[in-house]
Amino acid sequence: MPDRENLMDKIVALCKRRGFIFPSSEIYGGIGGFWDYGPLGVELKRNVREAWWQDMVLRHDDTTPPPGMPSPYAMVGIETSIIMHPQVWKASGHYDLFHDMLVDCRHCKARFRADQLATSQCPEKPSKRPGEHTTCDLTPPREFNLMFKTYVGALVDPESEAYLRPETAQGMFVNFRNVLATARVKLPFGIAQIGKSFRNEITPRYFTYRSREFEQMEIEFFCRPEESRLWYEYWRDRRLRWYVSLGLGSDRVRLREHSPEELSHYSCGTADIEYAFPFLPPGEFGELEGIAHRGDFDLRSHMEGKLVRRDGELVVETGPNGKPTHPGSGKDLSYFDEETGERLIPHVIEPSAGVDRSVLAFLCEAYDEDAIPDEKGVPQPRVVLRLHPRLAPVKAAVLPLIRKEGMPEIALELYRELKKTWNVDYDDKGSIGRRYRRQDECGTPYCFTVDGQTLADGTVTVRDRDTTHQERIKLSEVAGWLGEKLGGG
RNA sequence: GCGGGUAUAGCUCAGUGGUAGAGCCCUGGCCUUCCAAGCCAGAGGCGCGGGUUCGAUUCCCGCUACCCGCUCCA
C-alpha cells in the first residue's frame, strides 16, 4: 500500500492526469467547491449511480420479505425538480436552519448567532457576553445563507425568491400523495431519487468531499411506527453491506451510531456510514451516508408547518400572534390502511448517500501501488486502480500484440463485437507492457491480447489487472467470458 | 470568515528584468511476439488583473484557486 502521507495528492493527481475529475471552470482560475467529471470520471460516477439504482430499485423484489423482516416492501423511483416552492424549505425547517444572521469578533475570531448574543459567552472572558469584554471587536450582524438563492421569472423581486434544493429528500415527501395515488403501493414502501443538491458551504475542502454542488442518492422509506426500529436497523445494515460489496475494505469503512446528544431534534436514531479517507488524520472517518430514523417529522411538517421540539413533543412553531411561523401545505399526508381501517402518519427511514463522496471513497480504496517484474525480472513500480468491475469505467481493453501480421484486424473485430455491450478500449500504441500499465491506471479489469498464437489456434491472452496473471481463452468465447466476469453489472 | 503556505508544459521540477529548459507523459513514423525498451520527428507552458519599467514569467499591489491550521457546517 502506498504511504498515507502523500496518498491524497497522488489520487488527486491521477484524477487530473487520467481524466477522472477536474476543477470546474479551470481555465478561468477555477471556482471553489465545484468540480467537473472527465471522460473516465463520468463513467465511474454513472456506474456508482447505476449500481445503486439497480440494487435499490430495479432489481428489488417487492414480493419477498428480506431475510428476518416481517414483510416484503415496494420500492419506486422518482425524479423531482431542483427548484421547489419556497414554502417547502420553510416548513421543512431548512430555511431557518441554513439562514443565520451571524456576528464575528475580529479580535478573538469567534462567531456568534446574532439572536443568541445575549446568552453567549466571550471565549476570552466567559463571565462576559460577546461585546462586553475590553478586547471585543464585533462586526455588525451579517447574513449567512447556506442555501443558494435565485429568482423564478425574469423579474428580480423578493416575491419571486426561490432556492436551489439543499437536499433531494423533500421531493419525495411532497410527492408522497402522488406516489400513493399512482403507484398502488402499500406500507411499507420506499421512494428513491438520485439528483443534484446545492449548499453554499463556508469552507469547501478535501477535493470533492465537501462541494457546493453535489449529488445525492436518497431513499425515503415509509413504514408503520411500530415497525420503524426494525426497518431502521435493516437499512442501516443493508446500506453498509452495499459499500462492502462494491469493494470498500471493511477495515476502512464503518458504521457509527449517533449518541443521543448528537441526534437531530426530530430523530430517534441515526447512523453514519463512514470511510477513513486518506485526507483525514489517522483514525478519523468521514461521512459517506447517513441513515436516519426521522419518525413522522417530515410528513407532519408538510401538513401542519415547521415543527420544533417542546417538552419532548414535536409541535408546530408559532409566532407572537399564535399562528405557525411557517405553515405547511394543509394537505392530508396520512396513510389509510385498508386492512385495519386505521389512519396513520407513517414513520420514515432515510438512507441518504452522497454520490460524489462514494465515488471518492471508491477511488481512494482502489488506488494502489505495487511492483511487477520487467523482462529482466527487475521489479518496476506500477499504479493500479483496483476498482470493482461493476464500477470500472472501462470494462476491458483489446490489444494487438504488434501492429502487423493481421493482429490489428482480428483485435478490431473483437473490439467491435464487445463494444456492442460494454465500454471497451482498443489500443495499439506503444509496447504491450506500456498499454497494460495505461489500463491499470484507469482501473480496466481485463485486457485481451491478440498475438501470434491467435493466428494459429484462435485463442487470445486474457491479462488480469490485479494479479497480472495471464490465461488463454478462445477468441469466440471472449464475450461470454467477460459477461460472466462482470456478472451482468 | 481568519492566519500561514503554494501557483512555470498533462506530471515532477529547473531558470531569467530582454517572453523559458529537462525528464516523464502525449502524437506521428520506424522497430518491436507479453508487462512503462530503442531511434527519428512533433505538439505543449510562466493562474488572473493592475502597477513600476523602454521591456515583467521575474519586482510591487490586488484577485482567484489549491494545501495546512482555526472557525463554521454535518
Side-chain angles (χ1 to χ4, degrees), chain A residues 6 8-10 12-19 22-35 38 97-98 100 102-113 123 137 139 142 144 146 166-167 199-207 209-210 212 214 256 258 262-264 270 272 274 279 281 286-290 292 352 354 357 370-384 399-405 407 428-441 447-456 460-465 467-470 472:
Chain A
N6 304 313
M8 201 56 215
D9 290 342
K10 288 175 175 176
V12 173
L14 175 68
C15 284
K16 178 83 188 299
R17 186 170 73 247
R18 296 311 307 264
F22 309 121
S24 169
S25 318
E26 195 181 9
I27 62 169
Y28 286 102
I31 174 167
F34 300 92
W35 299 91
L97 186 69
F98 282 5
D100 276 326
L102 298 178
V103 171
D104 288 298
C105 178
R106 297 186 187 94
H107 174 72
C108 70
K109 310 301 181 194
R111 172 173 291 165
F112 312 94
R113 280 179 56 168
D137 183 14
T139 65
R142 292 182 293 182
F144 281 72
L146 278 301
E167 63 170 40
R199 292 187 193 181
N200 218 341
E201 297 287 353
I202 296 169
T203 313
R205 190 166 283 202
Y206 299 139
F207 200 31
Y209 180 79
R210 180 173 297 162
R212 293 188 165 120
F214 57 101
R256 187 179 67 84
H258 285 206
E262 209 179 351
L263 290 178
S264 307
T270 296
D272 283 346
E274 302 180 323
F279 48 74
E287 180 183 341
L288 281 182
E289 169 162 351
S352 170
R357 288 181 176 188
D370 61 5
I372 53 179
D374 61 14
E375 72 269 21
K376 298 191 186 79
V378 182
Q380 300 291 340
R382 173 177 81 138
V383 171
V384 54
L399 318 168
L401 185 60
I402 57 170
R403 265 190 290 181
K404 55 183 177 183
E405 296 175 22
M407 293 179 201
D428 61 7
K429 308 284 197 311
S431 75
I432 192 66
R434 177 188 300 270
R435 282 177 275 163
Y436 286 151
R437 297 300 182 86
R438 274 199 284 256
Q439 296 299 331
D440 290 339
E441 234 185 23
C447 292
F448 301 107
T449 303
V450 171
D451 53 27
Q453 202 177 327
T454 308
L455 309 171
V460 296
T461 299
V462 186
R463 185 263 194 183
D464 182 275
R465 176 196 67 196
T467 62
T468 75
H469 288 157
Q470 303 187 160
R472 298 200 73 85

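Chain letters run A, B, ... following the sequence lines, proteins first, then strands; residues in each count from 1.
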Could you go through nucleotides 62-64 of chain B and list every protein N or O atom that sits under 3.5 Å from one of its N or O atoms, giving the distance for each pair?
unit_1 : atom_1 : unit_2  : atom_2 : d
B:U64  : O2'    : A:Gly29 : O      : 3.4

Checklist line | Base B:C35 to side chain A:Gln470, donor-acceptor N/O within 3.5 Å cut-off | finding: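 Indeed, a donor on one side and an acceptor on the other fall under 3.5 Å apart.
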
Notebook entry, point to check: Under the 3.5 Å rule, do the base of B:C34 and the side chain of A:Arg463 count as making a donor-acceptor pair?
Noted result: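 Such a pair does not exist between side chain and base.
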
Notebook entry, point to check: Between B:A74 atom P and A:Tyr206 atom OH, what is the distance in whole Å?
Noted result: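 Rounded to the whole Å, the gap is 16 Å.
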
Checklist line | Listed nucleotide nearest any side-chain atom of A:Arg403, set B:C73, B:U32, B:A74 | finding: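 From the listed options, B:U32 comes nearest.
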
Next item on the list: Select one nucleotide: of B:A74, B:C73, B:U32, the one nearest the side-chain heavy atoms of A:Lys404.
Entry: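 For the A:Lys404 side chain, the nearest candidate turns out to be B:U32.
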
Next item on the list: Kindly write out the residues that satisfy side chain to side chain contact (heavy atoms under 4.5 Å, CB included) with A:Arg403, not counting sequence neighbours, or none if the list is empty.
Entry: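 So A:Arg403 forms a side chain to side chain contact (heavy atoms under 4.5 Å, CB included) with A:Pro408, A:Asp428.
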
Checklist line | Near-strand residues of residues 447-455 of chain A, defined as heavy-atom separation under 4.0 angstrom from RNA chain B | finding: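 RNA chain B contact set from residues 447-455 of chain A: A:Thr449, A:Asp451, A:Gly452.
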
Next item on the list: Please state the P separation for the pair B:U16 and B:U58 - nearest whole angstrom.
Entry: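 Each nucleotide's P atom is 13 Å from the other's.
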
Check: When you check every protein heavy atom under 4.0 Å of nucleotides 36-43 of chain B, what one-letter string (B, S, -) results, 5' to 3'?
Finding: BS------

Next item on the list: Determine, for nucleotides 4-9 of chain B in 5'-to-3' order, which nucleotides have protein heavy atoms under 4.0 Å from the base (write B), from only the sugar-phosphate (write S), or from neither (write -).
Entry: ------

Note to self: My validator wants the stems of RNA chain B: runs of 3 or more consecutive Watson-Crick or G-U pairs, both distances under 3.5 Å, written as range with range.
What the structure shows: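 Result, WC/G-U stems under 3.5 Å: B:1-7 with B:64-70, B:10-13 with B:21-24, B:26-30 with B:38-42, B:47-51 with B:59-63.
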
